[in-house]
Amino acid sequence: MSDSHAAQDTRGGTGERAAILARVREALTVPTSIHVQRDRHLAYAEHANHAEESDAVGGLLPPVGASLQSRIDRFQERSESLRSNFLTAECTSTAAGVLGRIATDSGWKRVAVHNAPLLDQIAPHLPCDRLQIGENYDREALEQCDAGITVCDALIAQTGSVLLTATSAGGRALSVLPPHHVVIATAAQLLPDLPSAFALLASTYGKSWPSFATIITGPSRTGDIERILVLGAHGPKQLTVILINQNQEQ
Amino acid sequence: MKTIALQQFRHDADIAAADGDRRAFIRTALGGYYGVRGATMASYANYPAARAKAAAIKWDALENLGEHLEAFESKLLDRGVKVHWATDAASARGYVLDILHRREAKLVIKSKTMTSEEIHLNDAMEQAGYDVVESDLGELIVQLNKQAPYHFVFPCMHLKRGEIKSIFDKAYGESGSDDPENLTMIARRVLRQQYLRADVGISGANFGVAETGTISITENEGNSRLTCAMPRVHVVLMGIEKIVPRLADLALLQPMLGTAGTGQLMTCYNSLYLGPKRGGEIDGPEEMHVVLLDNGRTRILADSELRDALRCIRCGACLNVCPIFKNVGGHTYGVTYQGPIGAVIEPHLRTVQEFGHLSAASSLCGACTETCPVKIDIHHHLLRNRKKAAKSKRGERAIFGAFTFLMRRPALLRWVGRAAGVIDRLARPLQGSALDPFKAWRQSRTLPSPAPSSFRDYWKSRGRR
Ligand code: SF4
């Protein structure tokens, strides 16, 4: 950061900032007491056998098999319990066919898409209108669309999730405003678990972060009324993931 | 001394505990949670170790809090986020009101944030003339019903569908069936336009990553995503203890929060916010603010034992398993954070004199400690709070003083022992009446009669034989 930028912000700034930081430092000069510390050492000891830091978390969460097929199986299994719709296709044109059928069956009139090479191969073949989302798009029009179609950064087999960012998937609203969110992904994007998803984020964007990223796990839901599950609380009622797996025969 | 808060607690607890119907309803509502959470925990490769690791991460965060906060702030500033440090609730409110004023806001949309409940932000914004809409379904319902949240994760779990339908009828006109699906869709329709119209979106934060300057928000409905996507300004309210050191820590903490909170391995949306709309992005707020709130947290941090409680990730699991919470209900606590963790921290966030009694609202069964995903020793802290409170209680001091006095005087003790039977017989008719000094306790319990002869007399007669 340049000096001029530093001068504009409040770094080193206000009285309250200094007061809070001083109180924090003052508070921590008293060491954590024996009773609590014992628990903490126990806590460390319990996971000490997982020597490697990054492996430590990977080895604790639900296990996922190493092969692509076992990742696909896990994603499938998770999708069923999440009530997302998971489909595979051999190539982009089969994917376009699959999505075209969904469009016809659901009676879609208009879908929203963003700029991405993969979507350019699919969206033009759909039997409905398209709203191309770009700078200064019409928000009301997006709200009226029957579906939002995006690509993603990764799929996560362990949790059945989709990882996307504002830069990869057409901003913040496209994947949450329309009632149906469709994700087009390739088999190479199917990661085993959450730690690998965060590692991917760091390696892809570590130097220049998008302003937004999200891990989507199933269609929007709520249990606020009598703890009874209702889908489509504020976000999409439906989530469809289409995985293009070009090496299916292998 | 009985404080107003304590009298209120007793009054509300009596009413709630006598409402067997509502209690059964709460039990049923939680029934599904236990099963789902158990199954999700069992799916972990090693849940006990995951818990230990999560506990250790939050310890790391806390013991280096100063450095982490500075790193966090610095990263946010680099991306053009405005950071405000608020020592207390008034400062945080003032800062938010300034933003609303400067941006000439009319409508404010909020996604669930307990921090805003803590600082009474809604009242302040409404008094200043702004329209404020809660977007989380549960929060919206309690807002319309002019109530505080009943549970900090499930805000309206105490309300039945029929009650929610009449709340909606009143607010929006006849709402049709009381089916949860129908009621949810009404809220969806009503809020859609608000997202598009709102000038400012206010959210909380579940985690703040120091390493990358990232706000992490865990939710299910998508209301928080819309709140942070559509308005021109996004304001985040965050307690300073929400810090975690590394981005990779979220790979464990997000699923732990989901699992403990609702039984979901991951909730629907775990979103990361790093700044306002960037060049090249097509939407998002022009302006982003993060308010870092102390409001008593550094006081808790300064207590070498109690600081343990600042590691809380607000999953709500300790409420869900607490027999007292299930019997007296969330509103009885009369504070922002209900249940066992509330009983630990609220007396210190407010004043021990006024809210110390909350720590007695526990059976010390330890279910909370056992369930906590970050291994906070909750019932130890409750006991310690109680110990401190007992030292300052005149009644208890008097009883133990009398006990010590007697035990030091054998002759007097013998006499009192003999007189006990007579006193008991004379006092028995008073049991539970207005004249009984132990009325509250003895109304529903019978004290066993003293033995006809004391142990001392028995021992003597045995020796003579
Ligand atoms: S104390 Fe533990 S169980 Fe209770 S809300 Fe906090 S993290 Fe959850």
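Letters A, B, ... are given to chains in the order of the sequence lines, protein chains preceding strands, and every chain is numbered from 1.
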[X] versus chain A, heavy atoms under 4.5 Å apart: side chain, backbone, both or neither?
X        : answer
B/Leu159 : backbone
B/Ile141 : side chain
B/Ile26  : neither
B/Arg188 : both
B/Thr267 : backbone
B/Leu137 : both
B/His158 : neither
B/Leu301 : both
B/Ser135 : backbone
B/Asp377 : side chain
B/Met288 : neither

Let's test your reading of the structure: which of [options] forms the most heavy-atom pairs below 4.5 Å with chain A?
options                             : answer
B/Tyr33, B/Tyr44, B/Tyr195, B/Tyr47 : B/Tyr44
B/Ile217, B/Val153, B/Ile282        : B/Ile282
B/Gly280, B/Ala187, B/Ser91         : B/Ser91
B/Glu67, B/Arg297, B/Lys82          : B/Glu67
B/Arg225, B/Arg299, B/Gln264        : B/Arg225
B/Cys228, B/Pro155, B/Ala248        : B/Cys228

Worksheet item: Taking atom OG1 of B/Thr218 and atom CG of B/Asn270, what is their separation to the nearest 0.5 Å?
Response: 4.0 Å

Using a cut-off of under 4.5 Å for heavy-atom pairs, which of [options] has the most such pairs with chain B?
options                                : value
A/Leu201, A/Thr167, A/Thr32            : A/Thr32
A/Leu163, A/Val24, A/Leu229            : A/Val24
A/Val30, A/Leu231, A/Ile20             : A/Ile20
A/Gln158, A/Glu140, A/His114, A/Arg221 : A/Arg221
A/Ala22, A/Gly160, A/Ala199, A/Gly232  : A/Gly232
A/Gly218, A/Pro63, A/Pro210            : A/Pro210

Does the side chain of [Y] come within less than 4.5 Å of [X]'s, by heavy atoms?
X        : Y        : result
B/Arg79  : A/Ser211 : no
A/Ile156 : A/Leu194 : yes
A/Glu143 : B/Arg192 : yes
A/Asn85  : A/Ser79  : no
A/Asn115 : A/Ile133 : no

Side chain, backbone, both or neither of [X] within contact of chain B (heavy atoms, under 4.5 Å):
X        : result
A/Pro219 : backbone
A/Leu239 : neither
A/Ser84  : neither
A/Arg23  : both

Do any N or O atoms from the side chain of [X] and from the backbone of [Y] form a donor-acceptor pair under 3.5 angstrom?
X        : Y        : answer
B/Asn220 : B/Cys268 : yes
B/Arg278 : A/Phe212 : no
A/Arg78  : A/Thr159 : yes
B/Ser74  : B/Glu70  : no
A/Ser161 : A/Thr217 : no
A/Thr222 : A/Asp224 : yes
B/Gln254 : B/Met266 : no
B/Arg311 : B/Trp59  : no
A/His234 : B/Ser224 : no
B/Ser43  : B/Thr40  : yes

Discussion item. In terms of relative ring orientation, are B/Tyr273 and B/His234 parallel, tilted or perpendicular, with 30° and 60° separating the classes?
Written reply: perpendicular

Worksheet item: Are a donor atom and an acceptor atom from the side chains of B/Asp178 and B/Asn182 found within less than 3.5 Å of each other?
Response: no

Worksheet item: Can you name the residues of residues 169-180 of chain A that have some heavy atom under 4.5 Å away from a heavy atom in chain B?
Response: A/Gly170, A/Gly171, A/Arg172, A/Ala173, A/Ser175, A/Val176, A/Leu177, A/Pro179

Worksheet, complete the sentence: Tightest non-hydrogen contact, residues B/Cys156 and B/Ile164, listed as SG-CD1, 4.5 Å

